[in-house]
Amino acid sequence: MARCCLLLLFWAFLWPAASAVPCHPDDLRSLRGFAGDLSGGAVLLRTAWSGASCCSWEGVGCDGTSARVTVLRLPSRGLTGPIPGASLAGLVWLEELFLGSNSFMGVLPDALFGLARLRKLSLASNELTGQLSSRFGELTHLTLLDLSTNRFFGRLPDVFDDLTSLEHLAAHSNGFSGFLPPSLSSLSSLRGLNLRNNTLSGPIARVSFSGMPLLASVDFSTNYLTGWLPASLAGCGELKSLNLANNTLVGTIPSWIGEFDHLWYLNLSNNSFVGEVPKSLLRLKGLATAGRSSGMVFTNMLLYVNDKRRALNEQPNTITGSNNTVKSGRNNSMSGNDNTVISGDNNAVSGSFNTLVCGDNNVLTGDHHVVSGSNHIVTNSYNKVSGCTNNVSGSHHTVSGSNNAVSGSNNTVSGSNHVVSGSNKIVTDG
């Protein structure tokens, strides 16, 4: 016990000295220059970064042996101004650079591409602009690249065949345009790919996914991509999330999507697909798992939903467009025209010329619906409503059943125990 106490005292004596070891002079000079070239929150940063022991500074990490700076993490610090490239160039051992959620502006400095050891680079949620340099291909050790939510524009450089260690690529919410670079197909280590909310165009099949066995998430939504769903996606057995909404994709939805055992989110809405949603999708167990943000979203297609899938009870589906069919289920939100709900409860249906064959406690708005069941709320005009205890408002309805509340004008009501208000009513059977 006495020996242990002596050892503890010995390490306690050495710890302040170890934490006060000064970092390399070049790194110290570079960090001070970095903070000195910025404004906004840099005032607080310069105050916090005092002394010569930069390895103990907030947001700075060093290699334990060489005391060279390897990590610089300064997210959400209110930093403004161009990224100080000259200062960063001195951090030659830098492996991780996180500058997201600040107010950096201007183009990326060329000095950034000289950081040959860089593995993780996040510049998300700033005001950076310009076209991306082909020099990104020089950062061959990158495993993470996040350029999302900036003002970059132009084509994505076709340099990804040099970035084969990349695991996560996010460049969403920018102004990127042009075709997808084919070199994306070389990213054999990729797990997440997010290029949504740009103006990318051309065939989605320019990217082959067959060499991406680890791919778990793909988001190409809100672009102008064309063509059929690439068959190369079928080999991505680890896929958990696929979002291709809001493009101009065509063809039919292939049955192999039903082979993705881990898929928990699928959004193919607002494209130009034809035909029916394949019944193989009902085998997607991940979409039916409770407690996660699961669900399927389609548009302008016949949709068949199995009432045994728990997802309908706990994670509602969103169905838009026309000529959709929901065989059964609950808590679905349907909008559009010429849709049919064969059975189910607590659905919200809007649009025109929809048919609710049976069910309870549904809310319908719009015109020319055919409604049967109980405890519905129906508004607008020209609806045919039958059943019990419905609340009907609007005009030109035909209502039958019992205990219905009807308001509006030019309604035809039959049955018993109704409450009718308005004008030009035809009431039969009490």
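Heavy-atom basis, side chains included; hydrogens, waters and symmetry copies ignored. We're numbering straight along the sequence, starting at 1.
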| message | Is any side-chain heavy atom of I83 closer than 4.5 Å to one of N126? | response | no

| request: Would you please say whether a donor-acceptor pair under 3.5 Å links the side chains of T80 and S39? | output: yes

| message | Before you tell me yes or no, could you show the steps for L132 and L108 under side-chain contact (heavy atoms from CB on, under 4.5 Å), namely the whole-Å CA-CA distance, both residues' side-chain angles and the distance that decides it to 0.1 Å? | response | CA-CA 8 Å; L132 295 190; L108 297 180; 4.3 Å; yes

| query | If only atom types and distance count, is the side chain of S189 paired as donor or acceptor with the main-chain N or O of T164 below 3.5 Å? | reply | yes

| request: For D27 and P25, indicate whether the former's side chain and the latter's backbone hold a donor-acceptor pair under 3.5 Å. | output: no

| said: Quick check: do S87 and D37 have side-chain heavy atoms less than 4.5 Å from each other? | reply: yes

| message | In the structure I gave you, are the side-chain heavy atoms of N223 and F176 within less than 4.5 Å of one another anywhere? | response | no

| F160 backbone acceptor or donor facing D162 side chain under 3.5 Å | no

| request: For N270 and N246, test the side chains for any donor-to-acceptor distance below 3.5 angstrom and give the result as yes or no. | output: yes

| So R196 and N243, side-chain contact (heavy atoms from CB on, under 4.5 Å) or not? Walk me through it. | CA-CA 9 Å; R196 75 173 185 271; N243 189 353; 5.7 Å; no

| request: Taking all non-hydrogen atoms of both residues into account, name the closest pair between T199 and G175 and its distance. | output: OG1-O, 4.0 Å

| query | So, C55 with C62, SGs under 2.5 angstrom? | reply | yes

| CG/L233 to CG/L239 distance, rounded to the nearest 0.5 angstrom? | 6.5 Å

| request: Please name all residues satisfying side chain to side chain donor-acceptor pair (under 3.5 Å) with D158, sequence neighbours left out, ordered by chain then number. | output: S183

| message | Using the rule given for side-chain contact (heavy atoms from CB on, under 4.5 Å), can you reason through W228 versus I204, listing the C-alpha separation, both sets of side-chain angles and the distance that settles it, and then say yes or no? | response | CA-CA 8 Å; W228 292 58; I204 189 174; over 6 Å; no

| Under 3.5 Å: donor-acceptor pair, side chain of W49, backbone of E58 | yes

| Side-chain heavy atoms of D26 within contact of V92, under 4.5 Å | no

| request: Output the distance between atom OG (S76) and atom CG (L99), rounded to the nearest 0.5 Å. | output: 11.0 Å

| said: So which atom in S201 and which in L225 form the shortest heavy-atom distance, rounded to 0.1 Å? | reply: O-CD2, 3.8 Å

| note | Smallest heavy-atom separation, N247 atom then N271 atom, equals C-OD1, 3.0 Å

| When you measure from the side chain of R206 to the backbone N and O of L180, does any donor-acceptor pair fall under 3.5 Å? | yes

| field | Distance, nearest 0.5 Å, that separates NE2 of H172 from CG of N150 | value | 10.0 Å

| field | Any side-chain heavy-atom pair of L38 and P84 under 4.5 Å | value | yes

| task | For the residue pair M212 and V218, establish whether any side-chain heavy-atom pair is separated by less than 4.5 Å. | result | no

| query | Would a distance-only check, ignoring hydrogens and angles, find a side-chain to backbone donor-acceptor pair under 3.5 Å from W57 to S50? | reply | yes

| message | Ignoring hydrogens, what is the shortest heavy-atom contact between W256 and A231? Give both atom names and the distance. | response | CZ2-CA, 3.9 Å

| said: For the CZ atom of F104 and the CG atom of L123, what is their distance to the nearest 0.5 Å? | reply: 8.5 Å

| query | Quick one: does R68's side chain have a donor or acceptor within less than 3.5 Å of a partner on D63's backbone? | reply | no

| message | Run F220 and L200 through side-chain contact (heavy atoms from CB on, under 4.5 Å) and show every step you take. | response | CA-CA 9 Å; F220 283 172; L200 298 167; over 6 Å; no

| With distance as the sole test, does S232 use its side chain to make a donor-acceptor pair with the main-chain N or O of S208 at under 3.5 Å? | no

Could you give the side-chain donor-acceptor pairs of residues 135-145 under 3.5 Å, partners two or more places apart or in another chain?
unit_1	atom_1	unit_2	atom_2	d
R135	NE	E138	OE1	3.4
R135	NE	E138	OE2	2.9
R135	NH1	D110	O	3.4
R135	NH2	E138	OE1	3.1
T143	OG1	R119	O	3.2

| note | Distance col, row L121:CG vs L94:CG, nearest 0.5 angstrom, shows 9.5 Å

| remark: Looking only at heavy atoms, the pair that brings H168 and L190 closest together is N-CD1, 3.9 Å

| task | State, to 0.1 Å, how close N102 and L74 come at their nearest heavy-atom pair, and which atoms those are. | result | ND2-O, 2.9 Å

| Looking at side-chain heavy atoms only, is the closest gap between I257 and L268 below 4.5 Å? | yes

| message | I'd like to know if the side chain of N267 reaches the main chain of A245, judged simply by a donor and an acceptor atom lying under 3.5 Å from each other, with no hydrogens or angles considered. | response | no

| query | Does F153 offer a backbone N or O that forms a donor-acceptor pair with the side chain of N174 under 3.5 Å? | reply | no

| request: Indicate yes or no: at least one non-hydrogen side-chain atom of E238 is less than 4.5 angstrom from one of H262. | output: yes

| said: How long is the straight-line distance from CG of L72 back to CG of L88, given to the nearest 0.5 Å? | reply: 7.0 Å

